[in-house]
Amino acid sequence: MRPTAEPSFATTLRVRDSCLCLHAQRAARALARRFDIALQPAGITSGQFSLLMSLNRPQPPNLGSVAALLAMDRTTLTANLKPLQRRGLVAMAADPADGRARLLRLTRSGQAALGRAVPIWVKLHAQIEGSLPDAQRLRGELNLLARPDSPEGEGYSATG
């Protein structure tokens, strides 16, 4: 395979101005930063809020279903769970129906952390959503990109 020419500065500008992946990443980082700051009094980050909220179910979910919901691989999910387990916010146990599978549940401390975080989330989320011209449409389009049956096969790709 022949090496290709280095991209021109015009290509760099085109990617900067049009790459969906870049724009989604920038927006995600900016949103996460705003929620991280707001959630500090609750003692959790925006990522931890999403993870804890994904466990707030009537029945404990298994690791695979949480990973799928959060569009994370199981290794990344496990790494993100460890600090929450150490803090006593999340517990993991073997699934009685399948000893190989792991079930996750919020502890009382995890529920209390969510209880402190939800009012903060509600207020900031309303402010952000109110600043957007069509938040429902944006949410729908983002959900389309995150679908596991997207053309990329995993719901996301490394490029825009």
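We use all heavy atoms of the structure for the numbers below, so side chains are in, but hydrogens, waters and symmetry mates are not. FYI, the numbering just counts along the sequence from 1.
Grouping Ile, Leu, Val, Met, Phe, Trp and Tyr by side-chain contacts under 4.5 Å, direct or through others, puts L142 with L132, L138. Alongside F9, the hydrophobic cluster contains L13 (criterion: ILVMFWY side chains under 4.5 Å).
The nearest pair of heavy atoms linking L70 to S50 is CD2-O, 4.2 Å. The two residues S46 and L39 have their closest heavy-atom pair at CA-CD1, 3.8 Å. Across all their heavy atoms, A42 and A113 have their closest contact at CB-O, 4.3 Å. Considering all non-hydrogen atoms of both residues, I44 and R87 come closest at CG2-NH1, 4.1 Å. In terms of heavy-atom proximity, I120 sits nearest to A38 at CG2-O, 3.3 Å.
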Per-pair distances, 0.1 Å, donor-acceptor, side chain in residues 52-64, under 3.5 Å, sequence neighbours excluded:
from	atom 1	to	atom 2	distance (Å)
S54	OG	L51	O	2.6
R57	NE	S54	O	2.7
R57	NH2	S54	O	3.4
N62	OD1	G64	N	3.1
N62	OD1	S65	N	2.7
N62	OD1	S65	OG	3.4

I'd like a table of donor-acceptor pairs (distance under 3.5 Å, sequence neighbours excluded) in which one partner is a side-chain atom from residues 90-101, with atom names and distances.
from	atom 1	to	atom 2	distance (Å)
D95	OD1	A97	N	2.9
D98	OD1	R100	N	3.1
D98	OD1	R100	NE	3.1
D98	OD2	R100	NH2	3.4

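Pairs engaging residues 75-86 under the side chain to side chain donor-acceptor pair (under 3.5 Å) rule: D73-T76 [sequence neighbours left out].
Atom CD1 in I128 sits 12.5 Å away from atom NZ in K123 (nearest 0.5 Å). Residue L104 holds its CG atom at 6.5 Å from CG of L77, rounded to the nearest 0.5 Å. The CZ atom of R105 lies 11.5 Å from the CG atom of L89; values are rounded to the nearest 0.5 Å. The CZ atom of R116 sits 12.0 Å away from the CD atom of Q111 when rounded to the nearest 0.5 Å.
No continuous path of ILVMFWY side-chain contacts below 4.5 Å connects L103 to V66, so the two sit in separate hydrophobic clusters.
Scanning for side-chain contact (heavy atoms from CB on, under 4.5 Å) contacts around H125 gives F35, W121, E129, R139, with sequence neighbours left out.
Residues L22 and R26 are in side-chain contact: their nearest non-hydrogen atoms beyond the backbone lie under 4.5 Å apart.
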